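Structure first, commentary second.
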There are 2 protein chains.
Amino acid sequence: MRLIICVVYLAVFGPAQCGNILVWPTRGSHWINLKIILETVIDKGHNVTVLVPNPSPFMDTKESDRFSYQYFSVSMTTQDMQDFLNELVHFSVYETDQLNLLQIQIKFYELASKHQDMALSYCDGILQSPELMDKLRDGKYDVVLSDPHFPCSDIVAEELSVPLVYMFQFSIAHVLERMCGQIPSPPSFVPAGMIKLTDKMSFTERIINMLFYLSQDAFAILVWKRMDSYYTEYFGRPTSYCEMMGKADIWLIRNYWDFEFPRPFLSNFKYVGGLHCTPAKPLPKDMEEFVQSSGDDGIVVFTLGSMIDKMPKETSNMIASALAQIPQKVLWRYGGEKPDTLGENTKTYKWIPQNDLLGHPKTRAFVTHGGINGIHEAIYHGVPMVGIPLFGDQTDNLAHMKAKGAAVVMDNIKTTQPQDLVDGLNAVINNPSYKENAMRLSRIHHDRPVKPLDEAVFWIEFVMRNKGAKHLRVEAHNLTWYQYHCLDVFAFLITILTVVLYVFFKMCKFFIIRCCFRSKRKSKKE
Amino acid sequence: MRLIICVVYLAVFGPAQCGNILVWPTRGSHWINLKIILETVIDKGHNVTVLVPNPSPFMDTKESDRFSYQYFSVSMTTQDMQDFLNELVHFSVYETDQLNLLQIQIKFYELASKHQDMALSYCDGILQSPELMDKLRDGKYDVVLSDPHFPCSDIVAEELSVPLVYMFQFSIAHVLERMCGQIPSPPSFVPAGMIKLTDKMSFTERIINMLFYLSQDAFAILVWKRMDSYYTEYFGRPTSYCEMMGKADIWLIRNYWDFEFPRPFLSNFKYVGGLHCTPAKPLPKDMEEFVQSSGDDGIVVFTLGSMIDKMPKETSNMIASALAQIPQKVLWRYGGEKPDTLGENTKTYKWIPQNDLLGHPKTRAFVTHGGINGIHEAIYHGVPMVGIPLFGDQTDNLAHMKAKGAAVVMDNIKTTQPQDLVDGLNAVINNPSYKENAMRLSRIHHDRPVKPLDEAVFWIEFVMRNKGAKHLRVEAHNLTWYQYHCLDVFAFLITILTVVLYVFFKMCKFFIIRCCFRSKRKSKKE
């Protein structure tokens with residue numbers, strides 16, 4: 001079938017339409033979005049090969065037989081990787097409030113180094129395998145698709161002489177986008193992310209934002225030293241990690257102006273947030289019956305994501321007792337032991353069809369940990385939110401929704417009291433402004449010239465058709481930091497101005513002295 | 001018929017789809033692009049009212065009966081306006097090389113003041129007429145569409161409480177976009193326009209670019225003082241011209257990455273360059289016969305635009321003698337007396353179907369003055385160019401095409417020798433790189449997710465449907481210049497740092513002195 005589609009495409013559009021796409025390993029929510037794009041490009045007749053680490057705790061190669069999988073060996077075990085993720089989650093959710101800022105930064109540096117170990121073991125697994133590299137060279141790929149948080153895809157794109165397309169949401173303090181992608185981010189109105197700031201900042205907030213930018217820049221420079229050495233060693237010439245990343249043709253950003261604050265960007269940055277959202281499909285029969293039993297009160301959809309399936313008993317009891325107090329029926333994705341305080345209005349499920357539930361006409365609110373995919377789905381369907389952030393970008397994601405008036409947000413899961421949750425739910429359900437704002441964001445999401453999935457696929461196919469998109473890449477990539485900020489020009493102009501002023505004053509002094517001297521001589525003679 | 005379309009739209013999309021659009025007066029090539037958008041929105045069922053000055057030398061109200069025209073009186077006569085334009089053209093084409101930089105700047109200031117007189121007479125004609133303003137208020141408009149070079153549309157949009165959409169190409173040194181629209185333009189890689197620079201600048205060029213930015217900023221601040229007073233007087237409260245302009249919802253830029261160098265921009269800036277381009281229609285019979293008679297050599301299309309219909313005899317003879325030397329047939333748009341040196345291969349026409357000729361398979365080259373509309377048509381059809389810039393943005397437009405390898409450009413019409421023109425034509429016709437580059441730009445033009453006309457219409461309808469697009473407007477509009485550049489934050493941080501260092505050194509000094517003093521006392525005692 002794929003061959004037939006391919007032949008039809010070849011006949012209609014010529015050879016560039018039916019290409020080979022190489023996908024760099026990724027995981028979690030990053031993979032969810034990527035997979036949808038890959039399914040679509042396969043529908044259009046392209047071939048997709050996904051690089052999969054072996055052992056792999058995050059990529060289930062059985063989930064689709066439509067992709068080709070290319071395995072590579074990694075030195076880390078599945079357990080190492082799982083341990084790292086558990087440590088990251090545990091630290092973020094349960095430890096950060098017991099540490100001071102310096103301790104947090106040190107721990108983050110430690111975790112970043114561990115992540116780097118993992119990432120470099122992936123790089124080694126691919127780049128240090130001559131057989132695999134030969135196989136990739138023979139694969140006649142037209143593009144490499146990757147998440148810039150997972151390095152070395154730029155090396156492979158360079159080795160195969162094919163364009164590189166990145167896709168991700170954002171990096172902390174936009175270090176990757178700013179320092180490597182050259183996107184301008186004035187700290188006066190572009191919040192650095194992760195610190196719950198919006199585009200409207202007070203003087204103090206602008207100071208915090210600026211300090212966060214500066215500290216993250218320093219942090220990145222420190223952490224990237226090892227990457228620079230790796231890249232330099234690989235190429236045998238001084239090569240920086242950031243410079244290689246800057247060669248990407250297109251940056252697909254999993255974001256849009258329904259969620260993001262308006263900001264400057266570049267011609268090769270494409271905002272395709274919410275591309276995974278689809279209209280709701282019918283619910284399973286028993287679930288639909290439960291939903292319908294809610295009557296006019298409607299339902300609340302509750303999930304804290306796939307990474308927190310179990311939680312301490314007191315937390316689950318706190319949540320259950322809060323949910324028991326609202327008139328709505330609640331569908332709670334929760335894989336742990338049944339809480340003692342679970343009300344009759346609440347049902348727990350090991351898995352829920354989240355998007356279908358959010359798109360159900362009876363849905364009144366969404367309780368979420370603030371994962372970006374869930375938030376985009378809630379925006380798509382215009383559902384107001386109650387946020388309980390756990391870790392990572394979630395606090396910041398929810399800060400966006402709060403600023404846009406579509407969510408009430410708890411500080412964190414540990415300090416949340418049942419009454420806070422009840423108040424939050426009552427607010428977003430009964431105060432019409434939350435629903436109105438959620439619907440406004442939904443209109444912004446839907447009312448755009450091209451659907452996000454179509455736009456993402458368009459630009460991937462564009463670079464395949466045109467062997468890149470260098471006409472969209474700013475010249476800033478070829479400037480040093482002082483050239484970019486015109487510091488050399490300012491230094492030159494200030495020097496010239498100083499010299500001119502110096503000569504001018506010297507001449508004035510000379511003429512004044514001469515003038516006075518003459519007049520004195522004249523008066524003496526007289 | 002329009003009523004039927006409107007009713008169908010109302011039935012399908014609801015009331016917001018069938019709206020009323022108010023168009024601010026404009027002229028020349030600005031009007032050509034706008035008219036195409038207006039024709040399209042009328043096809044979609046909207047009503048268009050165009051404000052027309054009376055007397056009007058630039059807008060022929062008989063050219064389309066599809067628009068409603070709303071006249072307003074201006075104090076200037078048609079002759080005054082024509083005289084101004086003649087003066088501008090004559091100065092730009094024939095005087096600039098006889099003056100030094102200061103004289104040019106003074107003359108430009110004089111011309112800018114005259115343009116302001118004209119623009120303000122338009123403002124007065126509309127704003128100072130209570131009957132007209134009442135009529136506009138009763139018109140139930142959904143959007144005001146305007147070129148920001150013609151002021152006061154922002155006042156009317158504010159008075160009518162409707163969104164404002166701007167459309168234009170660019171302003172000198174991007175002063176309007178930068179200072180009023182808040183678009184970032186780093187002088188290190190964004191050329192200021194009008195000075196023939198590209199995004200790849202040497203150190204000297206970056207100095208020139210920076211000085212041009214600075215001088216134009218100072219010039220703008222000077223010229224806008226009068227506008228600020230006008231706006232302040234109208235509203236009866238301190239109001240700046242720039243601040244009002246910054247309230248625009250969408251800026252449609254008549255530009256795209258086939259022509260423009262990649263640069264940073266904002267979420268409410270939409271690049272819709274080339275929206276007027278269409279596939280070629282068949283030529284008139286006699287013209288087609290002449291074109292076909294060219295055989296394999298093909299034809300050259302020659303036009304210096306509508307504003308230079310007549311030229312000095314020696315210039316027309318120079319051009320004709322050059323054209324007589326090439327093997328191609330030439331179609332020359334020229335309204336003046338037949339030159340003595342006109343070759344048999346050249347035919348002059350008072351008017352030519354430029355787009356249809358550029359899209360003809362026999363067309364080998366386009367000789368152009370560098371008007372933006374003609375350049376976009378040449379890009380659309382992939383035709384290499386020979387440029388003879390006359391005035392205004394033309395030198396700069398052609399510098400873009402030269403940098404992208406699709407044109408050979410003469411310095412100006414006065415210094416061009418017949419052999420230069422022959423060499424230029426031979427180069428773009430016989431050196432395949434020019435055609436290849438023109439075709440590459442053509443592919444970039446055509447290969448985009450939405451056609452430019454559709455995108456322009458989409459965003460106009462978007463603001464009509466959604467009563468604006470404030471979610472795309474950056475918070476930078478609400479910051480002062482020193483806040484935007486974080487100068488207050490830097491000042492604060494430097495002060496804190498200085499105080500900390502001062503206290504630290506004082507304490508060090510104190511302890512060192514104390515320590516030495518003690519040890520001295522100790523040794524004395526000993």
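Bear in mind the structure is a predicted one, so any value in this text is a computation, not a measurement. Quick note on labels: first sequence line is chain A, next is B, and so on, each numbered from 1.
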> Can you tell me how far CG of B:L479 sits from NZ of A:K200, rounded to the nearest 0.5 angstrom?
Replying inline: 10.5 Å
>> Restricting to non-hydrogen atoms, name the atom on A:E475 and the atom on B:F189 that form the minimum distance, rounded to 0.1 Å.
In response: CB-CB, 4.0 Å
>> With a 4.5 angstrom heavy-atom cut-off, is it the side chain or the backbone of B:L266 that approaches chain A, or both, or neither?
In response: both
> Taking atom OG of A:S188 and atom CD of B:Q483, what is their separation to the nearest 0.5 Å?
Replying inline: 8.5 Å
> For A:P186, is it the side chain, the backbone, both, or neither that has a heavy atom closer than 4.5 Å to a heavy atom of chain B?
Replying inline: side chain
>> Using heavy-atom distances under 4.5 Å, tell me whether B:F492 contacts chain A through its side chain, its backbone, both, or neither.
In response: side chain
> In Å, rounded to the nearest 0.5 Å, how long is the span from NE2 of B:H471 to CG of A:L441?
Replying inline: 9.5 Å
> How many angstroms lie between CG in A:D488 and CD1 in B:I207, if you round to the nearest 0.5 Å?
Replying inline: 7.5 Å
>> How close do A:V489 and B:F203 get, counting heavy atoms only, and between which atoms?
In response: N-CE1, 4.1 Å
> Side chain, backbone, both or neither: which part of B:F490 has a non-hydrogen atom closer than 4.5 Å to chain A?
Replying inline: side chain
> Quick one: what part of B:Y482 sits under 4.5 Å from any heavy atom of chain A, side chain, backbone, both or neither?
Replying inline: neither
>> Using a 4.5 angstrom heavy-atom cutoff, name the option from B:R473, B:R440, B:Q182, B:K404 with the most pairs to chain A.
In response: B:R473
> Of all of B:Y271, B:W459, B:F458, which one pairs up most often with chain A through heavy atoms under 4.5 Å apart?
Replying inline: B:F458
> B:P184 versus chain A, heavy atoms under 4.5 Å apart: side chain, backbone, both or neither?
Replying inline: side chain
>> Just so I understand: if I count every heavy-atom pair under 4.5 Å between each of A:A469, A:C486, A:P449 and chain B, which residue has the most?
In response: A:P449
> Is it the case that more than 12 heavy atoms not belonging to A:K196 sit under 6.0 Å from its NZ atom?
Replying inline: no
>> Quick check on B:Y484 against chain A: is it the side chain, the backbone, both or neither that has a heavy atom closer than 4.5 Å?
In response: both
>> Quick one, A:F265 and B:S267 - any side-chain contact, counting heavy atoms below 4.5 Å?
In response: yes
> So which part of B:P187 gets closer than 4.5 Å to some heavy atom of chain A, the side chain, the backbone, both or neither?
Replying inline: both
> Looking at A:M210, A:R206, A:M201, which makes the most heavy-atom pairs under 4.5 Å with chain B?
Replying inline: A:R206
> Can you tell me how far the CG atom of A:L214 sits from the CG atom of B:L493, to the nearest 0.5 Å?
Replying inline: 7.5 Å
> Quick one: what part of A:R263 sits under 4.5 Å from any heavy atom of chain B, side chain, backbone, both or neither?
Replying inline: backbone
> Does atom NZ of B:K451 have more than 12 heavy-atom neighbours, drawn from other residues, nucleotides or ligands, at distances under 6.0 Å?
Replying inline: no
> Nearest heavy-atom pair of B:F462 and A:D447: which atoms, and what distance?
Replying inline: CE1-O, 3.2 Å
